[in-house]
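What follows is a single structure, written as structure tokens, with notes after it.
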Protein chains: 2
Amino acid sequence: MKNGGNTQFCAVIADDHEIVRAGLQSALERPGLVEEHGIAVVGQAVNGLETIEKVKLHRPDLLLLDISMPLASGAEVLLDIRRWSRDTKIVVFTAITAPGLLGGLIESQVDGLFSKSGGNDELYSKLPLILRGGRHVAKVFVDLLRDATPAPDLTQRERQTLTMIVSGKTNAEIAALMGVSPKTAEKHRASLMRKLGVRSVVELMSRALQDGLIEQHNHLK
Amino acid sequence: MKNGGNTQFCAVIADDHEIVRAGLQSALERPGLVEEHGIAVVGQAVNGLETIEKVKLHRPDLLLLDISMPLASGAEVLLDIRRWSRDTKIVVFTAITAPGLLGGLIESQVDGLFSKSGGNDELYSKLPLILRGGRHVAKVFVDLLRDATPAPDLTQRERQTLTMIVSGKTNAEIAALMGVSPKTAEKHRASLMRKLGVRSVVELMSRALQDGLIEQHNHLK
DNA sequence: TAATAAATGGGGGTAATTACCCATTTTATC
DNA sequence: GATAAAATGGGTAATTACCCCCATTTATTA
């Protein structure tokens with residue numbers, strides 16, 4: 001870590017909404033709110049690519065990150081950043097609620113996970129600990145993940161099938177694209193629906209959207 | 001209007017994210033950014049019901065509103081506010097991009113419509129005009145609506161059918177709920193799909209989501 | 001090595017969707 | 001009142017989805 005003891009920390013903020021970046025910068029920089037002498041915001045990014053760029057350039061102590069951004073969002077960015085700047089604490093600040101995605105973030109070893117809904121007190125009060133090596137997941141997410149029915153782990157073929165189903169493919173088309181018998185495609189579809197506990201394609205799409213198994217923009221390419 | 005000439009305007013901010021409310025409040029209140037003496041933020045709201053409440057209470061000159069909020073979002077709120085506080089300028093500041101929804105907002109006579117994506121300069125520079133009776137729609141939305149294929153106008157029955165389809169109902173169930181023959185329900189479904197240019201329920205859901213014809217949370221009640 | 005799960009493929013059957021054809025009645029609009 | 005659109009209902013057929021049953025091969029794991 002570049003900064004120890006009482007020296008000032010520095011941060012990069014990544015969010016596709018300027019109003020959010022401005023709000024966060026103002027909060028981080030204000031002396032006494034998060035840190036005694038404030039946190040210096042040395043860079044901002046509006047998308048995933050810019051985030052990686054800025055982190056490589058500045059090697060900040062903290063990356064405050066919204067994971068729903070255009071151009072390379074989420075997990076890919078996290079991996080890259082870990083590679084390029086291993087001492088940067090990654091704190092995700094997001095509006096998503098899909099248990100599947102949230103669980104994935106926790107597994108990918110983010111240092112902090114906070115919700116845009118509700119107050120920001122938890123974020124501000126936990127950031128100092130995180131900057132010094134701690135980790136924290138917002139209480140609302142902990143509760144949500146505890147109560148959520150665990151996202152069933154799908155096999156590779158089932159994932160492929162799901163993707164194709166929600167993009168409008170029929171069983172026959174899926175079978176052709178996977179190079180297997182229509183019966184096999186049908187079988188994957190059936191297992192998929194059994195695991196997710198749904199009885200129709202519509203319910204399948206709803207569940208998949210809720211669980212973050214697919215993204216909004218995957219459909220109908 | 002309560003305020004004329006050089007006196008200070010007052011505003012209510014409605015958004016479900018505290019960081020956005022804080023950012024907007026800071027911007028509105030800063031002298032010289034939007035108004036010479038700043039705009040007094042007299043209330044904040046985190047959902048539609050609270051928004052109506054606060055506007056009835058304060059009768060502000062300006063309501064800065066995000067329309068994707070829990071509990072009564074969007075058009076219903078707008079109508080109520082026009083009834084309770086006719087001199088309040090309503091400015092929508094949103095992240096949505098669905099042409100259908102945006103068009104609806106313009107038709108419902110909002111005084112301003114701005115995007116959370118991209119910079120906020122346009123919002124800050126146009127607010128003074130709006131406070132004095134002008135109207136403005138962000139350039140990005142104007143372009144988007146010009147290029148968008150016009151959302152087909154569905155009949156009442158077709159809308160009802162669409163809603164039930166995406167909530168997982170079968171033709172038979174829809175017919176029973178509408179009190180008509182299964183054949184009629186089937187006919188509405190067919191017209192619907194023809195108008196939207198789709199050939200399956202999955203495509204129907206995708207199109208409807210994209211066009212903002214339905215909301216994310218309508219499914220599977 | 002035995003057990004388990006994934007992936008493969010098939011038979012058979014019911015239910016539902018999708019796609020055409022046709023018609024009448026009601027309602028709004030000019 | 002005439003015209004158009006909306007809403008109603010029917011027939012028929014092909015396709016697809018959905019739900020059981022069954023089996024074999026392969027890879028992983030205990």
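Quick note on labels: first sequence line is chain A, next is B, and so on, each numbered from 1. Note: hydrogens, waters and symmetry copies are ignored here, and every other heavy atom, side chains too, is used. Owing to the predicted nature of the structure, the values given are computational and were not obtained by experimental measurement.
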Quick test: give all pairs of protein nitrogen or oxygen and nucleotides 11-15 of chain D nitrogen or oxygen below 3.5 Å, distance rounded to 0.1 Å.
residue: dG11(D); atom: N7; partner: Lys183(B); partner atom: NZ; Å: 3.3
residue: dG11(D); atom: O6; partner: Lys183(B); partner atom: NZ; Å: 3.0
residue: dT12(D); atom: O4; partner: Lys183(B); partner atom: NZ; Å: 3.0

Selection from dA7(D), dT8(D), dC18(D) that lies nearest to any side-chain heavy atom of Val180(B): dT8(D)
Among dT16(D), dC19(D), dT8(C), the one nearest Met193(A) by side-chain distance: dC19(D)
Toward the 5' end of DNA chain D, by each residue's nearest nucleotide, Pro182(B) or Asp153(B): Asp153(B)
What is the separation between atom [atom1] on [X] and atom [atom2] on [N], rounded to the nearest whole Å?
| X | N | atom1 | atom2 | value |
| --- | --- | --- | --- | --- |
| Gln160(B) | dA7(D) | CD | C1' | 11 Å |
| Lys187(A) | dA17(D) | NZ | C1' | 16 Å |
| Ile174(B) | dT18(C) | CD1 | C1' | 14 Å |
| Arg189(A) | dG10(C) | CZ | C1' | 18 Å |
| Arg157(A) | dA27(D) | CZ | C1' | 14 Å |
| Lys169(A) | dA17(D) | NZ | P | 12 Å |
| Glu158(B) | dA7(D) | CD | P | 7 Å |
| Leu192(B) | dA19(C) | CG | P | 12 Å |

Spacing of CD1 belonging to Ile90(A) relative to CG belonging to Leu64(A), to within rounding of 0.5 Å: 11.5 Å
From Asp61(B) atom CG to Ile39(B) atom CD1, the distance as rounded to the nearest 0.5 Å: 8.5 Å
So, does [X] get its side chain near the phosphate of [N], meaning an N or O under 4.0 Å from OP1 or OP2?
| X | N | result |
| --- | --- | --- |
| His188(A) | dT8(C) | yes |
| Arg194(B) | dA19(C) | no |
| Thr155(A) | dA6(C) | no |

Touch class at under 4.0 angstrom, heavy-atom based, for Ser181(A) against every strand present: sugar-phosphate
Touch class at under 4.0 angstrom, heavy-atom based, for Ser200(B) against every strand present: sugar-phosphate
Closest contact, heavy atoms only, Glu158(A) versus His188(A): CG-O, 4.0 Å
Should [X] and [Y] count as an ion pair when the cut-off is N to O under 4.0 Å?
| X | Y | answer |
| --- | --- | --- |
| Asp16(B) | Lys116(A) | no |
| Lys183(B) | Glu186(B) | yes |
| Lys139(A) | Asp121(A) | no |
| Glu50(A) | Lys54(A) | yes |

Arg199(A) atom CZ, over 12 foreign heavy atoms within 6.0 Å: no
Relative orientation of the end axes in the helix from dT1(C)-dA30(D) to dC30(C)-dG1(D), expressed as an angle to the nearest 10° (five pairs per end): 60°
Identified side-chain contact (heavy atoms from CB on, under 4.5 Å) partner of Ile67(B) from the options Val77(B), Leu113(B), Val92(B): Val92(B)
Contact nearer the 5' end of DNA chain C, comparing Ala172(B) with Lys195(A): Lys195(A)
Flag for Arg159(B)-Gln156(B): side-chain donor and acceptor within less than 3.5 Å: no
